[in-house]
Trainee: 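I am attaching a structure below and will ask some questions about it afterwards.
The analysis underlying the following values was restricted to heavy atoms, covering all of them including side chains, and did not include hydrogens, waters or symmetry mates.
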Amino acid sequence: MAAVRLGKNHLRWCDECNLPLLERRDCPVCGSGTREVEVTPPADVRPAFERDILHIREVVDEQFGDGSGLALVPEGHIVLLNKVPALDRMDEVIVDGVVLGALRYDLGRGYVFVNRMQGAKRIAPVMTRSMVISDIGALPFIREGKNLMAPGVIGASESIRPGDEVIVVADGEAIATGLARMGSEEMVASVKGMAVKTK
């Protein structure tokens with residue numbers, strides 16, 4: 001992997017106009033203040049083209065169910081991609097001035113979308129796959145950054161395999177993202193062990 005050169009992040013966002021800007025502290029369109037978009041160094045950001053957006057939606061739909069890709073990246077929104085250091089290809093996906101997650105290429109598995117909480121909250125209302133339903137009693141522990149243990153799982157989408165990217169939901173709301181450590185049947189049936197390693 002190449003060395004990461006840290007430098008100044010020039011990407012800013014006007015929330016009023018929903019536009020990316022470079023280095024401007026005030027928006028030239030509406031005059032309101034802008035904020036810095038927190039991206040992973042070296043902040044190698046580029047606009048996403050139509051084929052990039054379609055690819056992101058296809059990957060997200062495959063992972064989380066039909067309609068999830070459009071919920072994550074709605075029509076008419078500017079999408080930016082930030083190339084980040086990884087063993088293979090990985091790009092952060094930026095929509096509405098927020099990093100929603102990363103599109104990562106895994107050898108042997110192909111492209112995978114790795115959610116951040118902002119992305120998970122957009123996907124959760126429409127997702128039909130890769131969902132782990134948590135007991136409300138596990139919520140305080142997950143909010144502290146702890147993993148979801150099998151006794152806290154009350155349901156899971158079929159076909160979850162160990163190593164899959166999942167979204168943990170409680171009361172219909174996304175509360176965590178993470179990697180499944182058990183298959184869906186095992187995490188529902190088990191009374192001990194880690195079901196999801198949360199991020």
Trainee: Check whether any side-chain heavy atom of V29 sits under 4.5 Å from a side-chain heavy atom of C14, and report yes or no.
Mentor: no

Trainee: Show me the donor-acceptor pairs, under 3.5 Å and distance only, between side chains in residues 63-86 and residues at least two apart or in other chains.
Mentor:
from: Q63; atom 1: OE1; to: F113; atom 2: N; distance (Å): 2.4
from: Q63; atom 1: NE2; to: F113; atom 2: O; distance (Å): 3.2
from: S68; atom 1: OG; to: F64; atom 2: O; distance (Å): 3.3
from: S68; atom 1: OG; to: G65; atom 2: O; distance (Å): 2.9
from: E75; atom 1: OE2; to: R57; atom 2: NH1; distance (Å): 3.2
from: H77; atom 1: ND1; to: D96; atom 2: OD1; distance (Å): 2.7
from: H77; atom 1: ND1; to: D96; atom 2: OD2; distance (Å): 3.4
from: N82; atom 1: OD1; to: D44; atom 2: N; distance (Å): 2.9
from: N82; atom 1: ND2; to: T40; atom 2: O; distance (Å): 3.0
from: N82; atom 1: ND2; to: E92; atom 2: OE1; distance (Å): 2.8

Trainee: List in chain and number order the residues that pass side-chain hydrogen bond (donor to acceptor under 3.5 Å, both in side chains) with R24, two or more places apart in sequence or in another chain; answer none if no residue qualifies.
Mentor: none

Trainee: Before giving the answer on side chain to side chain contact (heavy atoms under 4.5 Å, CB included), spell out for L21 and E23 the whole-Å C-alpha distance, their side-chain angles and the decisive distance to 0.1 Å.
Mentor: CA-CA 6 Å; L21 300 163; E23 296 187 340; over 6 Å; no

Trainee: Inspect the surroundings of CD in E185 and state if more than 12 heavy atoms from other residues, nucleotides or ligands are less than 6.0 Å away.
Mentor: no

Trainee: What is the distance from atom CD of E173 to atom NZ of K121, rounded to the nearest 0.5 Å?
Mentor: 5.5 Å

Trainee: Quick check on E62: does its CD atom have over 12 non-hydrogen neighbours (other residues, nucleotides or ligands) under 6.0 Å away?
Mentor: no

Trainee: Once rounded to the nearest 0.5 Å, what's the spacing between atom CG of N18 and atom SG of C27?
Mentor: 10.5 Å

Trainee: For residues S159 and D164, report the shortest heavy-atom separation together with the two atoms involved.
Mentor: O-OD2, 3.8 Å

Trainee: Is there a continuous path of hydrophobic side-chain contacts, each under 4.5 Å between heavy atoms, that joins M131 to V59?
Mentor: yes

Trainee: Transitively linked via ILVMFWY side-chain contacts under 4.5 Å: I56 with V98?
Mentor: yes

Trainee: Could you work out, with side-chain hydrogen bond (donor to acceptor under 3.5 Å, both in side chains) as the rule, every residue matching R129, not counting sequence neighbours?
Mentor: none

Trainee: Begin with the C-alpha distance, continue with both residues' side-chain angles, and end with the deciding distance and a verdict on side chain to side chain contact (heavy atoms under 4.5 Å, CB included) for V196 and M182.
Mentor: CA-CA 7 Å; V196 179; M182 301 176 171; over 6 Å; no

Trainee: Taking the side chain as everything from C-beta on, heavy atoms only, tell me whether I160 gets closer than 4.5 Å to V166.
Mentor: yes

Trainee: Do V95 and M127 sit in one hydrophobic cluster, given that two such residues count as connected whenever their side-chain heavy atoms are within less than 4.5 Å of each other, even indirectly?
Mentor: yes

Trainee: Does the side chain of S157 reach to within under 4.5 Å of the side chain of S184, using non-hydrogen atoms?
Mentor: no

Trainee: Rounded to the nearest 0.5 Å, how far apart are CG of L11 and CD1 of I94?
Mentor: 5.5 Å

Trainee: For the pair E165 and K199, find out whether any cationic side-chain nitrogen is under 4.0 Å from an anionic carboxylate oxygen.
Mentor: yes

Trainee: Side chains of V169 and V132, heavy atoms from C-beta outward: is any pair under 4.5 Å?
Mentor: no

Trainee: Salt bridge check: are D52 and R46 linked by an N-O gap of less than 4.0 Å?
Mentor: yes

Trainee: Output, in order, the C-alpha distance, side-chain angles, deciding distance and verdict of side chain to side chain contact (heavy atoms under 4.5 Å, CB included) for V99 and V93.
Mentor: CA-CA 6 Å; V99 178; V93 177; over 6 Å; no

Trainee: So, do T34 and D26 sit near enough that their side-chain heavy atoms are less than 4.5 Å apart?
Mentor: no

Trainee: According to a hydrophobic-cluster definition based on side-chain heavy atoms being under 4.5 Å apart (Ile, Leu, Val, Met, Phe, Trp, Tyr only), do Y111 and I123 belong together?
Mentor: yes

Trainee: Tell me whether V60 is reachable from I167 by hopping between hydrophobic residues (I, L, V, M, F, W, Y) whose side-chain heavy atoms are closer than 4.5 Å.
Mentor: yes

Trainee: Under the side-chain hydrogen bond (donor to acceptor under 3.5 Å, both in side chains) rule, collect the residues that match up with H55, sequence neighbours excluded.
Mentor: none

Trainee: Sequence neighbours left out, what passes side-chain hydrogen bond (donor to acceptor under 3.5 Å, both in side chains) with R51? Give chain and number order.
Mentor: none

Trainee: With side chains defined as the heavy atoms from C-beta onward, is the minimum distance between R109 and L107 less than 4.5 Å?
Mentor: no

Trainee: I would like to know whether W13 and L19 meet side chain to side chain contact (heavy atoms under 4.5 Å, CB included); could you show each step before the answer?
Mentor: CA-CA 6 Å; W13 204 274; L19 289 174; 5.7 Å; no

Trainee: Show me the donor-acceptor pairs, under 3.5 Å and distance only, between side chains in residues 138-154 and residues at least two apart or in other chains.
Mentor:
from: E144; atom 1: OE1; to: K146; atom 2: NZ; distance (Å): 2.9
from: N147; atom 1: OD1; to: T198; atom 2: N; distance (Å): 3.0

Trainee: Under a 4.5 Å cut-off applied to non-hydrogen side-chain atoms, are R25 and R12 in contact?
Mentor: yes

Trainee: Tell me whether D171 at atom CG has more than 12 heavy atoms from other residues, nucleotides or ligands lying less than 6.0 Å away.
Mentor: no

Trainee: Quick check for you: to the nearest 0.5 Å, what is the distance between D106 atom CG and R104 atom CZ?
Mentor: 4.0 Å

Trainee: Please report the closest heavy-atom contact between A156 and V188, naming both atoms and the distance.
Mentor: N-CG2, 3.9 Å

Trainee: What I'd like to find out is whether the side chain of N115 reaches to under 4.5 Å of the side chain of L100, using heavy atoms alone.
Mentor: no

Trainee: Within a 6.0 Å radius of atom CD on E16, are there more than 12 heavy atoms belonging to other residues, nucleotides or ligands?
Mentor: no

Trainee: What's the spacing between L54 CG and D61 CG if we round to 0.5 Å?
Mentor: 10.5 Å

